[in-house]
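Following: one structure in C-alpha cells, then a few remarks.
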Amino acid sequence: MPLEIASFNINGIRARLPRLLEWLDDTRPDIACLQEIKIADEAFPHAPFEERGYNVAVNGQKGFNGVAILSRLPLEDVSRGLPDGEADVEGLGDEGQSRFISAVISTDRGALRVCNLYAPNGNPAPGPKFDYKLRWLERLRRHATALLGREETALYCGDWNVIPQPEDAKHPDEWLGDALFRPESRAAFHRILHLGYTDALRARTDSPDLYTFWDYKGGAWRRNDGIRIDHFLLTPQCADRLIDCRIEKEQRAKEKPSDHVPIRVILDLAPPGNA
DNA sequence: ATGTCAGCCGGAGGCTGA
C-alpha cells in the first residue's frame with residue numbers, strides 16, 4: 001500500500017481550519033506536515049484531527065512560525081527544534097523560533113523518518129534576518145549530513161523559502177534581490193541537496209511553471225505569477241521508494257486559501273523481509 | 001492602488017511578518 005506524505009504551509013491554523021479539514025477529508029494523506037501554524041502548543045486544536053484518525057505532534061509558537069505533523073500511523077521519536085547547541089532558547093528550539101519537528105512513522109513495511117521544516121524568509125536582504133536565514137540553513141545542512149550517514153529511509157519537507165532555479169519562478173528577474181532567490185540562499189539549498197538528496201519533484205519532471213506559492217498581493221494567482229519554494233528532499237534510501245510527487249495547485253483556487261498549496265509524495269516502502 | 005493576508009495587543013486599528 002503506497003504511503004502518501006503531504007507538506008502544506010497553511011498560513012495560520014485558526015484562519016485555515018475549515019480549508020485544512022476539507023483538504024484532509026478530500027485527499028486523505030497518511031501524513032501531513034504543516035508549517036506556519038502560528039499558534040502555541042497549548043492552543044492547538046487537536047480534536048478535529050484526532051476525530052479523523054490522526055496522531056498529532058506540534059512544535060508551536062504564538063503568532064508566528066510553528067510546525068506540526070499529523071499521521072494516521074503511530075508517531076515515534078518526536079523531536080522539536082534542530083537538535084544542536086543553538087536549540088531550546090526560550091524553550092521553543094531553533095533560537096526561540098519554532099521551525100522544525102521530526103518524527104519516525106512506523107508502518108507494516110518499515111519506518112520512515114519525517115523532518116518537517118519552515119526555513120526563515122530572510123527578507124529584507126541584506127540584513128540581520130538574511131544572516132539568520134543563512135545560519136539556519138547551515139545548521140540544517142549539518143543535520144542533513146548526519147542524517148545521510150544513518151542510511152535511513154528519511155525525508156525533509158516543508159517551506160524552504162528558497163527558489164532553487166530560475167525555472168522555479170514565473171518571473172525570476174523580479175526576484176533577483178530577494179532573500180528567496182539570492183545566490184547565497186540558492187547555494188545554501190544546493191549544498192544540502194548535493195550532499196546526496198533527491199528533490200522529489202525534479203526527480204519526476206523537469207517542467208517549468210510548477211509553483212507552490214502565489215502572493216496574495218497584486219493578483220499573483222490570477223496571473224499565475226508563482227514560485228516553487230516548498231520542497232521534498234529524500235535520502236537515497238527514500239528516493240528508491242518514490243512513486244510520484246505532485247503539487248496540489250487546485251487548492252489555491254478555493255475559498256479563503258493559504259498563499260501556499262500542498263505538495264505530496266507517494267512512496268512504496270519495502271515489503272517485510274526486503275532489506 | 002501604500003494594491004493582501006494573519007495575528008498580535010487590546011478592545012480600534014496600527015504594527016509586524018510574510
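Chain naming here is simple, since letters A, B, ... match the order of the sequence lines and numbering starts at 1 in each.
- Side-chain contact of A:Glu248 with A:Trp23: a donor-acceptor pair under 3.5 Å is present, judged by distance alone.
- As rounded to the nearest Å, B:dA6 and B:dG10 have P atoms that lie 22 Å from one another.
- With a cutoff of under 4.0 Å to any heavy atom of chain A, the contacted region of DNA chain B is bounded 5' to 3' by B:dT4 to B:dA18.
- Ranked by how close their nearest DNA chain B nucleotide is to the 5' end, A:Lys217 and A:Asn161 are led by A:Lys217.
- If you chain together ILVMFWY residues whose side-chain heavy atoms come under 4.5 Å of each other, A:Ile227 ends up grouped with A:Ile163, A:Trp175, A:Leu176, A:Leu180, A:Phe181, A:Phe213, A:Ile229.
- With P as the reference atom, B:dC8 and B:dG3 are 22 Å apart, rounded to whole Å.
- Contact annotation for A:Phe213: no contact, since no heavy-atom pair falls under 4.0 Å across all strands.
- Comparing B:dG11 with B:dC15, their C1' atoms are spaced 16 Å from each other, to the whole Å.
- With sequence neighbours left out, the side chain to side chain contact (heavy atoms under 4.5 Å, CB included) criterion links A:Lys38 to A:Asn11, A:Glu36.
- For A:Arg246, the salt bridge (Lys or Arg N to Asp or Glu O under 4.0 Å) partners at least two apart in sequence or on another chain are A:Glu250.
- Under the side chain to side chain contact (heavy atoms under 4.5 Å, CB included) criterion, A:Phe49 pairs with A:Ile13, A:Leu17, A:Leu20, A:Leu21, A:Leu24, A:Phe44, A:Pro45, A:Tyr54, A:Val56, A:Leu70, sequence neighbours left out.
- Applying the side chain to side chain contact (heavy atoms under 4.5 Å, CB included) criterion to A:Gln165, with sequence neighbours excluded, gives A:Glu167, A:Asp168, A:Arg186, A:His190.
- Only the P atoms considered, B:dT2 is 23 Å distant from B:dG17, to the nearest whole Å.
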